[in-house]
Amino acid sequence: MTLDNITVHAGWGRPDAALLEAFGGHSVANLGDAMERLDIVDGGIHPVWPGAKAVGAALPILTVAGDNRAVIEALEHIRPGDLIAINAAGFDGRAILGDNLAQRFELYGASGVVVDGYVRDRDIIEQLRFPVFARGLTPAGPFKNGPGRIGVPVAIGGVVVNPGDIVAADADGVIVIPQSRAESVLAAVRSIVELEVAKDAEVVALRAARA
Ligand SMILES: O=C([O-])CC(=O)C(=O)O
Ligand SMILES: [Mg+2]
């Protein structure tokens, strides 16, 4: 479907809610270790308020630098549990969204948004407690002309995000788990957690030995 200059590829498969919830219990660092420490979104994308954390099924959007028409058109495609993943060209000259779009995302059931670009209205977004991850902040508002694409693979921080991939984000940053690898990554992260617990126990034992 094409709305003049916005192309929409709707109808992708989404992981079920229980699977998303299982990922929600794990840190992004541990999930990264479970992915052989590869394919992790670059560290320039971080939470815009401390404590922001989200897991969801990717709804990818491609915009042109400084323009959010595709983001607005994507609102009607949001399903509960989606995480909006926006390639905004990493552009630092304009915010691709702010508190108003964040409220709308939440209204439609999105779990969060990751922007390879800049955003604004940080203080209100923090008050809303809606998880937003971005490269940075600028007060300059976006234009609304397009073009753009919705529901196509996009790059976020150097990593491919396909529609329906699992995206997890926390204080450390963002990771993308391909839908086809979900079960194996979940099994691997459970082993990583066991190793981490053992490493912590080692420190406790060392501390006791030195006391
Ligand atoms: O004006 C815009 O499109 C972006 C914005 O500030 C908001 O979503 O609150
Ligand atoms: Mg605003």
Side-chain angles (χ1 to χ4, degrees), residues 1-10 12 14 41-42 44-157 161 163-165 167-171 173-174 176:
M1 178 168 76
T2 304
L3 301 156
D4 58 270
N5 64 1
I6 306 292
T7 310
V8 185
H9 291 263
W12 60 89
R14 289 166 162 90
V41 170
D42 81 54
I45 300 180
H46 33 69
V48 308
W49 52 271
K53 194 171 162 359
V55 172
L59 189 172
I61 302 169
L62 179 64
T63 69
V64 280
D67 187 293
N68 73 354
R69 166 123 198 251
V71 181
I72 292 162
E73 297 293 346
L75 289 170
E76 64 179 283
H77 298 282
I78 296 172
R79 299 288 172 272
D82 281 357
L83 189 145
I84 321 295
I86 306 171
N87 177 327
F91 183 55
D92 63 0
R94 294 197 178 272
I96 221 69
L97 59 90
D99 69 304
N100 192 269
L101 276 164
Q103 289 178 69
R104 287 166 200 262
F105 293 156
E106 184 173 42
L107 185 69
Y108 295 123
S111 61
V113 55
V114 174
V115 186
D116 194 334
Y118 279 55
V119 301
R120 65 177 179 175
D121 305 325
R122 196 209 75 90
D123 289 352
I124 308 175
I125 289 171
E126 179 169 16
Q127 281 166 27
L128 294 167
R129 313 296 289 172
F130 186 75
V132 177
F133 296 77
R135 286 204 182 275
L137 299 160
T138 172
F143 295 115
K144 296 166 190 297
N145 304 313
R149 296 189 190 130
I150 298 166
V152 296
V154 302
I156 300 283
V161 183
D165 281 350
V167 180
D170 67 13
V174 182
V176 182

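One is the number of the first residue; the rest follow in order along the sequence. Each ligand, and each atom within it, is numbered from 1 in the order the structure gives.
Between I84 atom CD1 and I78 atom CD1 the span is 4.0 Å, to the nearest 0.5 Å.
Nearest protein neighbour of atom 1 (O) of ligand 1, counting heavy atoms only, is R120 NH2, 3.0 Å. Of the protein's non-hydrogen atoms, N100 N, 2.8 Å is the one closest to atom 9 (O) of ligand 1.
Between R14 and D82, at least one side-chain N (NZ, or NE/NH1/NH2) sits under 4.0 Å from a carboxylate O, which counts as a salt bridge. Under a 4.0 Å N-O distance rule, the pair R135/D116 qualifies as a salt bridge.
Considering just the N/O/S atoms of D121, the one nearest the Mg ion (ligand 2) carries the name OD2.
No part of I72 comes within 4.0 Å of ligand 1, judged by heavy-atom distances.
The nearest pair of heavy atoms linking P131 to A54 is CB-CB, 3.8 Å. In terms of heavy atoms, V41 sits closest to I156 at CG2-O, 3.6 Å.
Applying the 4.0 Å criterion to heavy atoms of L101 picks out, from ligand 1, the atoms 7 (C), 8 (O). Residue D121 approaches ligand 1 through these ligand atoms, each under 4.0 Å from one of its heavy atoms: 5 (C), 6 (O), 7 (C), 9 (O). Contact atoms of ligand 1 toward D99: 7 (C), 9 (O) (distance under 4.0 Å to a heavy atom of the residue).
Note: no N/O pair closer than 3.5 Å links I96 and ligand 1 by distance alone.
Between T63 and the choices N68, V154, I96, the side-chain contact (heavy atoms from CB on, under 4.5 Å) rule is met once, by I96. Partner F105 forms a side-chain contact (heavy atoms from CB on, under 4.5 Å) with one of V71, L59, L83, N100 and no other, that one being V71.
The residue among P139, P142, G98, A102 with a heavy atom at the shortest distance from atom 7 (C) of ligand 1 is G98.
Ligand 1 has at least one atom lying under 4.0 Å from a heavy atom of K144.
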